[in-house]
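Submitted below is the structure of interest, expressed as structure tokens.
Naming: A, B, ... by sequence-line order, numbering from 1 per chain. Computed from a predicted model, the values in this text were never measured in an experiment. Computed from heavy atoms alone, side chains included, the values below leave out hydrogens, waters and symmetry copies.
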There are 2 protein chains.
Amino acid sequence: MTTPSKAATIADVAARAGVSVPTVSRVLTGAARVTPEKRERVEQAIVELSFRPSAAARVLASRKAQVIAVIAGDTSRYGYAETIRGIEEGARAEGYTVMITVVESPDEDEIDRAIAATLSQPLAGVAVLKFDPPGVAALQRVPDDLPLVVLSGVRDTSLPQAVLDETRAAEELTDYLLGLGHATVHHVRIPPSRKEDGRTTGWRRALRRAGAPIPEPLDATWEPKSGQALGAVLAADEGVTAVFCGNDEIAMGVISGLTRAGRRVPEDVSVVGFDDHPLAEMWTPPLTTVDQDFAGMGRRGFELLLAEIRGEPGKQFSSERPRLIVRESAGRVGGA
Amino acid sequence: MTTPSKAATIADVAARAGVSVPTVSRVLTGAARVTPEKRERVEQAIVELSFRPSAAARVLASRKAQVIAVIAGDTSRYGYAETIRGIEEGARAEGYTVMITVVESPDEDEIDRAIAATLSQPLAGVAVLKFDPPGVAALQRVPDDLPLVVLSGVRDTSLPQAVLDETRAAEELTDYLLGLGHATVHHVRIPPSRKEDGRTTGWRRALRRAGAPIPEPLDATWEPKSGQALGAVLAADEGVTAVFCGNDEIAMGVISGLTRAGRRVPEDVSVVGFDDHPLAEMWTPPLTTVDQDFAGMGRRGFELLLAEIRGEPGKQFSSERPRLIVRESAGRVGGA
DNA sequence: ATGAAAGCGCTAACAT
DNA sequence: ATGTTAGCGCTTTCAT
């Protein structure tokens with residue numbers, strides 16, 4: 001019937017339902033009791049006018065936002081995507097909406113602009129994926145009057161933080177390789193978030209404890225292709241019998257490079273990854289790796305954030321230990 | 001010096017700079033000229049008070065939002081993630097922030113709630129990834145008073161839409177296989193967004209045109225593992241010499257299943273994928289596939305949306321044709 | 001160029 | 001239980 005040229009406001013609804021504006025607000029928020037009959041009329045008016053309350057006005061008046069901002073350096077890599085998914089699931093269950101801000105640029109100014117744009121939004125809280133340098137840079141720019149949670153692989157701040165203890169996992173994985181008889185384990189690392197990632201630290205620690213030589217790590221980018229190039233490099237070195245890669249995608253690249261250079265995996269060289277990517281078990285050979293419950297970390301991170309938002313004391317920290325997944329890409333030295 | 005217990009408002013800034021509130025607003029928006037001297041004082045006050053304007057208030061007063069909502073059924077799959085990245089890049093360059101809403105649940109009510117929560121935000125526009133049923137369901141719920149763009153694989157609405165013409169690409173890919181001497185091409189499809197995806201339509205069309213028999217398609221889920229199971233099924237059928245998979249990840253699974261069942265790829269069976277996933281060329285054997293510029297589609301989609309937001313006439317539609325990437329997972333029948 | 005006044009659409013505090 | 005009155009923090013007239 002009616003064809004409203006402008007979107008309906010709460011006043012329109014009130015007029016149509018024959019009640020006052022606050023009464024409409026009451027049925028909207030459910031904050032106070034309203035006579036069933038009036039409630040009925042209001043609800044009908046809302047439908048008839050296809051009224052959608054303005055979040056801007058609500059936030060302004062109530063000083064309560066319903067949006068969680070997630071700041072990440074990337075969104076497409078497996079670990080990032082899963083972590084975000086976990087946060088999003090937790091948030092959705094509690095009625096929060098997630099806004100994602102990507103800060104991939106190394107340009108400081110651009111980071112500043114992206115963060116500023118995000119922070120000017122009415123936000124209930126912020127979650128920062130501290131997986132890489134952009135994440136670290138972003139973290140420094142979050143004002144401390146905002147509920148915040150950090151998600152990462154190492155406990156390294158005094159802020160509320162959810163971690164997946166990659167240092168311990170890397171140590172375990174390296175120990176496993178050493179236990180297979182390898183004299184040492186080479187390491188291809190992914191771009192570190194800080195001076196050194198937990199993955200690299202754990203590897204180094206295991207080697208040192210075992211008294212094994214510590215080879216210089218090779219640096220990959222996030223692209224599987226860079227792993228392939230490094231695989232070719234590793235293939236040229238006869239002394240390489242075991243390689244620990246920073247993540248599964250790089251491991252796949254390394255295996256590809258190694259194989260194309262004529263080295264067999266795992267007969268000649270053992271290769272392990274990290275994360276348990278969905279394709280890891282599909283690979284030839286199936287990848288020995290470490291299962292990381294990124295989505296779980298995301299959910300736990302959101303819980304921490306929620307506690308803060310609500311001002312509940314709650315715990316400030318949540319850590320979980322990934323577990324080793326033994327498949328076929330690593331074996332005994334000499335291919336036994 | 002000052003330790004403001006509350007966040008600074010524009011009034012605080014005005015007071016500190018010794019100007020009126022509207023003047024501060026003017027330097028904030030850059031809408032009107034302000035004396036250099038006053039501008040200077042205002043900017044200094046902003047820094048000193050670490051003032052961040054409230055987006056809620058701005059939106060309310062100006063009726064202009066700076067947030068683009070992206071509604072997607074998933075965020076971690078390659079195509080989705082890349083598309084979102086493209087939108088986000090375009091948006092960021094124009095000063096917009098992107099909010100992502102995931103609607104993965106089949107539950108209608110949950111979709112409604114998620115969409116409602118998003119749409120109540122102050123939004124400049126909405127981009128819907130119409131890649132799957134949740135995306136389709138979400139699209140139906142977007143009110144038409146909001147700038148909207150649809151991103152998908154087939155032109156199928158009268159709304160502004162950016163597409164990657166997968167029908168043509170699938171046809172081309174199937175023709176390629178047929179040209180290799182295969183009597184027909186089997187098809188493993190990913191969950192379709194509608195009755196039938198463009199990928200399946202293109203495959204069917206090529207087969208029909210060539211007068212080749214049209215086998216019943218097999219249905220995979222989004223998990224590579226489901227492809228693996230289907231690979232085992234296909235391995236049992238001697239008549240299968242060529243398989244077209246709905247995406248690369250499923251193709252990897254299919255190859256894995258085929259290989260484990262003792263069939264060689266491409267000697268016994270040719271397998272092709274779709275999307276040119278970063279791992280496609282790393283696979284054993286390297287995957288023949290079709291390159292899809294998802295990020296490009298995302299950027300083009302944002303441009304369409306921007307034109308709408310600005311009320312510019314502009315084009316309503318953008319289509320691009322993916323290109324065939326020939327690698328080694330497909331060969332002549334009989335393995336020649 | 002700048003300030004005073006008037007809202008934007010909603011919720012909160014206070015009456016009744 | 002419901003209406004009245006005040007704002008929330010900005011931008012936008014409209015004067016000057």
- Within this structure, what is the CZ-to-P distance between A:R58 and D:dC8, rounded to whole angstrom? 19 Å

- Between D:dG7 (C1') and A:R63 (CZ): distance, integer Å: 8 Å

- State whether A:R300 and A:E303 are salt-bridged, where the test is any N-O pair (Lys NZ or Arg NE/NH1/NH2 against Asp/Glu carboxylate O) under 4.0 Å. no

- Message: So if I apply the side-chain contact (heavy atoms from CB on, under 4.5 Å) rule between B:L129 and each of B:V70, B:L139, B:T75, B:V103, which one comes out positive?
- Response: B:V70

- Query: Heavy atoms under 4.0 Å, any strand shown: does B:V59 hit a base, just sugar-phosphate, or nothing?
  - Reply: nothing

- Task: Please state how far atom CD1 in B:I10 lies from atom P in D:dC10, giving the value in whole angstrom units.
- Result: 5 Å

- Item | Of A:T157, A:V163, A:L304, A:L159, the residue whose pairing with A:F317 passes side-chain contact (heavy atoms from CB on, under 4.5 Å) | A:V163

- Item | Of A:V150, A:L119, A:T118, the residue whose pairing with A:V126 passes side-chain contact (heavy atoms from CB on, under 4.5 Å) | A:L119

- Under 3.5 Å donor-acceptor, B:S62 side chain and B:K64 backbone: yes

- Message: What is the separation between atom CG on A:L49 and atom P on C:dC10, rounded to the nearest whole Å?
- Response: 12 Å

- Taking OP1 and OP2 of D:dG3, is either one under 4.0 Å from a side-chain nitrogen or oxygen of A:S20? yes

- Message: Of the listed nucleotides (D:dC10, C:dC10, C:dT11), which one gets closest to any side-chain atom of A:F51?
- Response: C:dC10

- Task: Would you please confirm or rule out a distance under 4.0 Å between OP1 or OP2 of D:dG9 and any side-chain N or O of B:S54?
- Result: no

- Message: Base, sugar-phosphate or nothing for B:V24? Non-hydrogen atoms, less than 4.0 Å.
- Response: nothing

- Item | Sidechain N-carboxylate O distance under 4.0 Å for B:R52, A:D145 | yes

- Query: Atom CD of A:Q66 to atom P of C:dT11: distance rounded to whole Å?
  - Reply: 12 Å

- Query: Taking atom CD1 of A:I309 and atom CG of A:L148, what is their separation to the nearest 0.5 Å?
  - Reply: 10.5 Å

- Short side-chain N/O contact to C:dA1 OP1/OP2 from B:T23, under 4.0 Å: no

- Task: Can you tell me the distance, in whole Å, between the CD atom of B:Q121 and the P atom of C:dC10?
- Result: 14 Å

- Query: Any N or O donor-acceptor pair linking the side chain of B:R26 to the base of C:dG3 at under 3.5 Å?
  - Reply: yes

- Task: Enumerate the residues from residues 29-39 of chain B whose closest heavy atom to DNA chain C is under 4.0 Å, giving them by residue number; use none for an empty result.
- Result: B:R33, B:V34, B:T35, B:K38

- Note on the structure: Separation of C:dT2 atom P from B:E40 atom CD, nearest Å, is 14 Å

- Rounded distance (Å) that lies between atom C1' of C:dA12 and atom CG of A:L28: 15 Å

- Item | N/O (side chain, A:S25) to phosphate O (OP1/OP2, C:dT11) under 4.0 Å | yes

